[in-house]
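What follows is a set of notes on a single structure, which appears directly below.
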Amino acid sequence: MNFGFTQEQELLRVQVRRFLDDNCTLAEVRRIMETSQGYDQVQWRRMADLGWLGLIIDTEFDGVGLNWVDLVVILEEMGRSLYPAPYLSTMLFCSALNDVADGPTKKAILPGIARGEIKGSLALFDQPGDPHIDNISLEADDTSDGLFLQGSKPFVHDCGSVNYYLVAYRQAGSLYLVLLDADDEGLKQSHSPTMDLTKRTGSLSLDNIEISNAARFAVDEKQLQRLFDVGAVGIAAEMIGAAESVLAMTTKYAQDRTQFGHAIGKYQGVKHRLAEMYVDIESFKSLVYYAAWTITESQEELARSASLAKAYASDAFATIGIDGVQLHGAIGFTQEYDIQLFLKRSKWSRANYGNADFHYEKIIKQRLSQ
Amino acid sequence: MNFGFTQEQELLRVQVRRFLDDNCTLAEVRRIMETSQGYDQVQWRRMADLGWLGLIIDTEFDGVGLNWVDLVVILEEMGRSLYPAPYLSTMLFCSALNDVADGPTKKAILPGIARGEIKGSLALFDQPGDPHIDNISLEADDTSDGLFLQGSKPFVHDCGSVNYYLVAYRQAGSLYLVLLDADDEGLKQSHSPTMDLTKRTGSLSLDNIEISNAARFAVDEKQLQRLFDVGAVGIAAEMIGAAESVLAMTTKYAQDRTQFGHAIGKYQGVKHRLAEMYVDIESFKSLVYYAAWTITESQEELARSASLAKAYASDAFATIGIDGVQLHGAIGFTQEYDIQLFLKRSKWSRANYGNADFHYEKIIKQRLSQ
Amino acid sequence: MDFEYTPSEENFRQEVRQFLDENLPAAGNRSADFMDTWLNKVRDKRWVGFSWPTSVGGGGGSIMEQVILKEEMSARKAPPLGTCMMGLAWVGPGIIQYGTEQQKQRFIPDILDSKYHWCTGYSEPNVGSDLAALQCKASRDGDDYVINGTKIWTSLAPFASWIFMLVRTENFGKTENKHDGITALLVDLSTQGIEIKPIENMAGQKVFAQIFFDNVRVPMENRLGDEGNGWAVTISSLANERSSIGEVTGLYTKLEKLTDLLSNSRWNGQAAIDSKKNRRTLARFEAKIEAMRLNGLRYLTQQIKGEPLSSETSVNKLHRAELEVEMGDFAVETLGQAGLQLRGQEAVVGTGYWAADSLNWPTVVIGGGTPNIQKNIIAERILNLPKD
Amino acid sequence: MDFEYTPSEENFRQEVRQFLDENLPAAGNRSADFMDTWLNKVRDKRWVGFSWPTSVGGGGGSIMEQVILKEEMSARKAPPLGTCMMGLAWVGPGIIQYGTEQQKQRFIPDILDSKYHWCTGYSEPNVGSDLAALQCKASRDGDDYVINGTKIWTSLAPFASWIFMLVRTENFGKTENKHDGITALLVDLSTQGIEIKPIENMAGQKVFAQIFFDNVRVPMENRLGDEGNGWAVTISSLANERSSIGEVTGLYTKLEKLTDLLSNSRWNGQAAIDSKKNRRTLARFEAKIEAMRLNGLRYLTQQIKGEPLSSETSVNKLHRAELEVEMGDFAVETLGQAGLQLRGQEAVVGTGYWAADSLNWPTVVIGGGTPNIQKNIIAERILNLPKD
């Protein structure tokens with residue numbers, strides 16, 4: 001029994017932290033998030049060299065062959081820095097391919113991801129809302145010339161910044177994922193800003209796109225469920241780091257800022273709120289770590305543990321984001337000051353891969369069906 | 001526009017306060033609540049002399065002819081002292097009779113109430129739960145010998161301490177209230193202790209009781225709705241006084257009690273909680289006063305205003321009761337110390353005439369149907 | 001207890017209604033130049049500065065008439081009675097109470113005509129809620145004061161021509177008696193040595209500014225009240241709290257929007273409005289807003305009766321702060337991914353509005369004194385608990 | 001990260017399970033005299049005092065074996081491993097660490113055999129959370145200490161034969177260096193001059209007491225540790241926090257009861273379990289309890305690795321305090337009028353149980369250090385924020 005990280009994982013954390021401290025201060029985050037691609041291509045190549053892009057890819061496909069517990073270390077640190085890059089999207093894309101694709105496809109794509117040449121994203125749902133299987137309604141047109149997709153997928157992460165998409169659709173009552181190249185004619189990528197500019201979101205529009213048999217993979221509900229759950233864990237891992245940043249920045253502010261002759265951190269109105277943040281972060285951290293462990297080590301537990309983690313994190317971080325700004329007083333809500341970037345991230349994180357309502361409902365359903 | 005009490009009402013408040021301070025300290029409350037009747041008969045007669053029992057009875061029936069705004073003053077003060085007596089029950093009984101009974105019945109009963117000879121209570125619902133019209137299921141047996149009631153009514157306030165009941169039943173699809181004398185053969189009154197011993201509750205069991213035509217009154221849903229709403233306002237008025245007692249006792253404790261060299265009221269963890277109590281009490285006080293005014297002055301507003309008041313008060317006082325005990329530390333949860341009596345009252349008040357869930361649902365339904 | 005109005009009050013209400021019927025098009029139908037004629041018309045009615053004495057050009061309205069005017073105006077979503085918001089709310093009343101005859105004649109008519117904007121300079125960097133700790137300095141030089149220092153979080157400063165500001169003329173750097181030695185000045189923002197640097201908030205708006213004063217000369221005649229007495233001038237100005245009627249109407253409007261949003265949103269195959277949790281949340285908002293309305297009327301009654309009012313306005317300030325944070329956040333949560341969109345993504349209910357709303361609360365929540373400060377005020381002034 | 005156990009740990013788990021299969025009837029099937037044989041059997045296995053060194057008669061179990069033993073015992077709702085709760089949890093470890101050889105031989109075997117009850121006397125009237133401010137006095141007289149003063153909120157005192165207590169032997173009435181001059185004594189409660197006055201709590205139970213000491217003579221040999229060093233003895237004893245495994249199992253059991261209650265209650269024609277608000281509340285409880293379980297395992301891992309643990313146990317204490325208050329209150333609210341009944345009123349789901357539960361939380365919430373104190377601990381020791 002060892003509910004902690006190995007020495008190798010701790011080393012990885014130090015490495016990631018150093019990389020982000022050196023390359024991606026919050027000033028740099030602000031620069032990158034305003035660029036047309038929303039990420040830094042030089043840094044992306046360095047991440048490939050460091051092995052982070054192939055982290056969860058099998059060595060058979062030129063990856064490092066580690067798992068989601070290791071990945072959580074990277075995601076936590078990226079969350080701490082609000083690092084803008086299609087990293088989580090690509091890892092979820094990679095995880096999905098690994099679950100559903102055939103050998104030749106894996107061989108064609110996974111090594112490219114590890115080398116930093118391929119980035120990908122999932123385009124699963126048709127309406128803004130819950131990551132629920134009923135929310136996949138795109139139907140393939142079955143014609144004499146073949147299968148075609150006509151429609152759109154909104155709220156696709158890093159839309160326009162990646163070169164492959166796994167798009168969910170239905171045909172004759174079955175569910176499929178099809179791998180589409182961003183260069184496909186008929187595929188249009190647009191992106192529109194959300195309040196969190198460090199997280200790109202956009203729409204894929206699909207204009208009469210032909211589905212090749214080699215690029216489509218049948219998936220059952222359980223597999224799809226797993227994809228959503230892994231996504232929830234991934235976002236929740238970023239939320240740990242981001243929430244810890246809020247706590248650290250606000251604690252520092254409370255130690256330094258004096259009012260009425262005392263550091264404001266002396267007043268229980270401030271210090272107790274910070275203690276409550278600590279309690280919540282510690283707690284969803286435990287839930288996220290455990291959920292990450294179940295992804296490979298205890299798959300039947302994933303559905304529950306992912307929901308517990310994402311539900312707790314969604315409520316807690318949303319409050320932490322608001323209170324972090326509030327405890328900073330007026331300076332906290334200026335564009336110039338960084339704390340507000342974390343408030344925006346808290347709302348983005350809550351809305352993606354299921355908010356607390358969605359996951360709590362999933363938890364109680366499971367409890368009642370036992 | 002005058003959202004305040006008149007000089008006469010303020011005088012009444014002083015009178016009630018003096019009566020309770022003189023006659024009913026919390027030590028006396030503890031004595032009375034352990035007696036077999038649960039109230040003090042000498043004090044009851046004095047209340048008749050003071051005009052409080054006939055307060056809302058028309059002068060035509062030997063009452064004082066005032067209304068619910070005046071009554072709120074008395075109920076608030078009784079709540080402040082946790083005064084144990086079938087006063088609220090009798091006032092609700094009186095209010096109901098006034099709404100539904102015919103002239104002869106009023107003439108037979110109301111003067112007796114004003115003189116302190118008659119006490120009454122409502123027995124409306126069949127299951128513990130919401131004060132909802134569907135929760136009246138007792139059916140009269142229509143026989144060739146007449147109409148008979150067979151069944152029971154649980155959770156009747158002051159059961160066994162009053163001498164009349166208005167019992168709700170159905171017959172042939174219509175709703176009725178029947179006035180029953182506690183001495184009726186076939187009527188059994190039992191009482192079982194709840195956690196709040198200052199509030200008697202018991203069961204009426206009805207064994208083949210004949211319904212006389214003169215004692216039964218048809219009521220429509222709107223009239224019944226009004227009875228529940230008035231009940232909610234009455235309890236909420238007591239909640240104001242009781243919650244203010246918690247605030248006063250706890251504030252005093254926070255001023256007097258020192259720890260780590262300071263009065264504990266200096267710490268924001270304590271003082272902010274007390275400020276929040278103040279905010280909530282002020283707010284549901286406004287809602288209750290207004291709701292009391294609508295009972296006679298703006299009847300179409302009563303349903304909404306009663307629910308707003310009882311919903312807010314139920315949530316707020318429940319928390320105030322718990323926090324009042326908690327802020328007192330260990331001494332707060334001893335039987336010997338009085339603060340815990342108010343915690344028990346907070347739970348009793350929440351459960352009767354609809355909790356916050358019930359009333360918030362009623363509010364949203366009304367808003368959506370507009 | 002009596003929620004009726006006197007016949008003369010009812011007459012006044014009818015007068016307002018009739019005016020609005022004749023002069024106020026529905027909210028969607030107001031043309032671009034509507035505001036010009038509107039302001040002239042309400043100015044003619046003396047409804048601008050309605051509470052001010054008629055001797056200075058105000059309306060001399062009674063408290064109840066003010067309430068009625070506000071109720072009717074906000075019920076019809078009328079535009080404000082004048083655009084010089086800070087002048088009408090804070091500066092004008094201060095000048096009326098403490099100003100010289102010359103100051104009244106010079107400033108009050110312009111405020112009533114909304115000729116230009118005023119702003120008010122209290123906060124400074126490193127001062128925060130402890131306003132009296134201000135350090136912006138003014139020293140006497142002949143017939144002038146010379147100001148050096150800076151003011152921050154000055155609302156509307158990017159658009160204002162004049163500032164009402166507090167400076168320190170004595171007691172520099174002391175923590176004791178810090179309320180002494182503060183002086184109130186009225187300063188023309190075009191004076192040499194003033195630099196205004198707008199501050200962008202997290203919703204992307206530039207309503208606030210930091211103002212730098214570098215040897216700014218202000219003639220003695222622009223001092224409001226006595227030298228060193230600025231704290232009293234401010235307290236009386238801050239105490240001139242407006243009733244919360246306008247805010248309550250605004251919150252009810254927001255509640256309607258929120259109810260519509262919930263009624264039109266679906267989650268997981270269920271209408272959002274069918275969730276008991278969401279229903280309860282909406283109803284709880286309603287109870288708080290109604291409590292604010294009734295608290296306001298209760299305190300107003302006390303004011304009319306001349307009873308002493310302590311710090312009861314803090315009660316509604318706390319409610320408002322909570323509601324401003326919670327309502328916007330609840331809307332954004334309900335909208336899910338769509339709620340995050342700043343613009344674009346057609347066919348999404350309420351896009352943009354709620355995203356901005358959920359980032360704009362600090363203006364109210366922090367600007368009006370943080371909730372922690374409001375709780376201290378209640379605990380110390382009303383409950384007599386010890387100071388921190 | 002690894003939630004597997006070593007083969008030797010798995011063997012130990014099997015041993016425990018087999019023992020329970022053979023010796024522990026299901027919870028409803030335990031006869032009146034079951035406890036006697038049960039205690040003998042677990043004593044023979046050396047599972048009483050399992051963490052204590054074998055040299056004093058303990059089990060010498062490793063941390064992981066302790067966890068496994070607790071997990072298995074609580075999963076089967078086994079009765080406690082010994083009835084001398086305070087002796088096993090607090091007094092025994094203190095004696096093992098600070099006691100003389102003679103004290104160990106005299107007290108440890110009786111504790112392991114649960115021969116009588118111990119209680120622990122820290123709190124005094126007017127002292128509250130500030131334990132070190134204690135004033136109960138002991139003065140030397142020949143070979144005895146003579147105690148005068150009182151202890152309050154002493155849990156289990158009405159049933160106990162001995163008390164571990166702190167007295168002041170120096171530094172009377174001072175607020176500085178108040179941690180100095182405190183001495184730990186082991187006192188036979190049958191000594192002349194001791195009066196035990198049970199305290200009834202609001203749920204009607206008499207578990208606590210106030211104890212009065214009037215010239216009570218205690219032989220020097222009953223002092224634990226050095227004179228004046230009692231604070232260190234206490235700190236080390238309080239630091240000997242048990243893991244929260246037993247609590248988590250208890251909370252999960254309560255959650256099951258609560259889920260059953262909701263599933264069997266109807267409101268307004270709707271099953272209580274169909275309300276989205278109630279569903280969310282239950283699921284939120286589940287998330288908190290699971291977080292407690294996993295926090296416990298994470299801190300346990302740090303302990304096993306020998307990493308410094310600060311005040312992380314405060315995290316689970318705060319969760320537990322909230323859950324104890326909220327779960328009982330939620331049940332009572334759900335039961336409506338029936339939830340208020342102490343007894344009687346047949347055919348009502350869960351009558352009495354939840355009413356008592358909703359009045360019993362202070363034992364946990366206040367007894368374990370109030371939530372405000374726990375938050376101070378986290379803020380000051382972990383986040384390095386200034387002291388009050």
Side-chain angles (χ1 to χ4, degrees), chain B residues 125 127-130 132 134-135 154-155 190-197 199 201-203 257-262 264 266-270 273 314 318-319 321-322 325-337 339-341 343-344 347-348 350-352 354-358 360-361, chain D residues 123 125-130 132-133 152-153 175 199-206 208 265-269 272 275 277-278 321 325-326 329 332-345 347-349 355-356 358-363 365-367 370-373 375-376 387-388:
Chain B
F125 305 109
Q127 296 297 321
D130 295 334
H132 191 274
D134 296 341
N135 193 8
F155 306 105
S190 68
H191 117 260
S192 58
T194 72
M195 63 170 77
D196 181 6
L197 294 179
K199 287 289 188 181
T201 314
S203 277
R257 170 81 169 176
T258 59
Q259 214 154 305
F260 300 104
H262 293 288
I264 61 169
K266 180 185 159 72
Y267 301 111
Q268 291 186 348
V270 174
R273 185 59 206 108
S314 293
T319 308
I322 289 171
V325 168
Q326 193 161 320
L327 289 172
H328 274 79
I331 202 170
F333 71 97
T334 61
Q335 279 287 7
E336 202 184 333
Y337 206 84
I339 190 81
Q340 47 90 21
L341 296 173
L343 166 66
K344 291 167 178 172
K347 294 196 200 292
W348 184 90
R350 176 176 61 186
N352 281 282
N355 64 14
D357 265 7
F358 172 80
Y360 278 132
E361 180 61 28
Chain D
S123 297
N126 305 317
V127 167
S129 302
D130 186 10
I152 197 166
W153 317 124
T175 53
I199 299 171
E200 187 176 359
N201 77 9
M202 62 177 165
Q205 300 170 340
K206 293 182 183 175
F208 295 84
S265 302
R266 293 187 74 78
W267 281 94
N268 213 346
S275 152
K277 179 211 149 223
N278 291 342
V325 173
E326 288 182 17
D329 189 59
V332 165
E333 184 175 15
T334 301
L335 278 162
Q337 290 150 309
L340 307 164
Q341 299 292 320
L342 294 179
R343 50 186 186 276
Q345 297 285 50
V348 158
V349 189
S358 77
L359 297 174
N360 257 332
W361 52 264
T363 313
V365 174
I366 298 169
T370 65
N372 276 355
I373 295 289
K375 287 177 194 170
N376 268 3
K387 293 208 171 219
D388 281 334

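Given the structure is predicted, the values throughout are model-derived calculations rather than measurements. In what follows, every chain begins at residue 1, and chains take the letters A, B, ... in the order their sequences are listed.
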Given that the side chain runs from C-beta out, which part of [X] has a heavy atom under 4.5 Å from chain D: side chain, backbone, both or neither?
| X | answer |
| --- | --- |
| B/K344 | side chain |
| B/N355 | side chain |
| B/I331 | both |
| B/Y267 | side chain |
| B/R273 | neither |

Any salt bridge linking D/D329 with B/R350? Criterion: basic side-chain nitrogen under 4.0 Å from a carboxylate oxygen.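 Salt bridge between D/D329 and B/R350, a charged N being under 4.0 Å from a carboxylate O: yes.
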With the threshold set at 4.0 Å, does a side-chain nitrogen-carboxylate oxygen contact exist between B/K347 and B/D196?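 So B/K347 does not pair with B/D196 through a salt bridge.
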Counting heavy-atom pairs under 4.5 Å with chain B, which one of D/V325, D/V332, D/I199, D/L359 comes out on top?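 Most pairs with chain B among the choices: D/L359.
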Can you find a heavy atom in the side chain of D/M202 that is under 4.5 Å from one in the side chain of B/T334?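 Answer no - side chains too far apart.
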Test item: B/P154 and B/Q127 side chains (from C-beta on) under 4.5 Å apart, heavy atoms: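 No. Closest side-chain heavy atoms not under 4.5 Å.
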Mind ranking B/N352, B/I264, B/T258 by heavy-atom pairs under 4.5 Å with chain D and telling me who comes out on top?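 Ranked by contacts with chain D, first place is B/N352.
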Determine the option with the most heavy-atom pairs under 4.5 angstrom with chain D, choosing from B/R257, B/E336, B/Q268.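 Looking at each option in turn, the highest pair count goes to B/R257.
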Please report the shortest heavy-atom distance between D/G339 and D/A355, naming the atom on each side.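 So the minimum-distance heavy-atom pair works out to O-CB, 3.3 Å.
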Minimum heavy-atom separation for D/L340 and B/A351, please, with both atom names.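 Minimum heavy-atom separation between D/L340 and B/A351: CD1-CB, 3.8 Å.
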Does any heavy atom of chain B fall under 4.5 Å from the side chain of [X], the backbone, both, or neither of them?
| X | value |
| --- | --- |
| D/S358 | both |
| D/K375 | neither |
| D/N372 | side chain |

Residues which pass salt bridge (charged side-chain N to carboxylate O under 4.0 Å, His left out) with B/K266, listed by chain and number, not counting sequence neighbours: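 Scan of B/K266 (salt bridge (charged side-chain N to carboxylate O under 4.0 Å, His left out), adjacent residues dropped) gives none.
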Please enumerate all residues that pass side chain to side chain contact (heavy atoms under 4.5 Å, CB included) together with D/E200, with sequence neighbours excluded.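 Checked D/E200 against side chain to side chain contact (heavy atoms under 4.5 Å, CB included); matches are B/Q335, D/K206.
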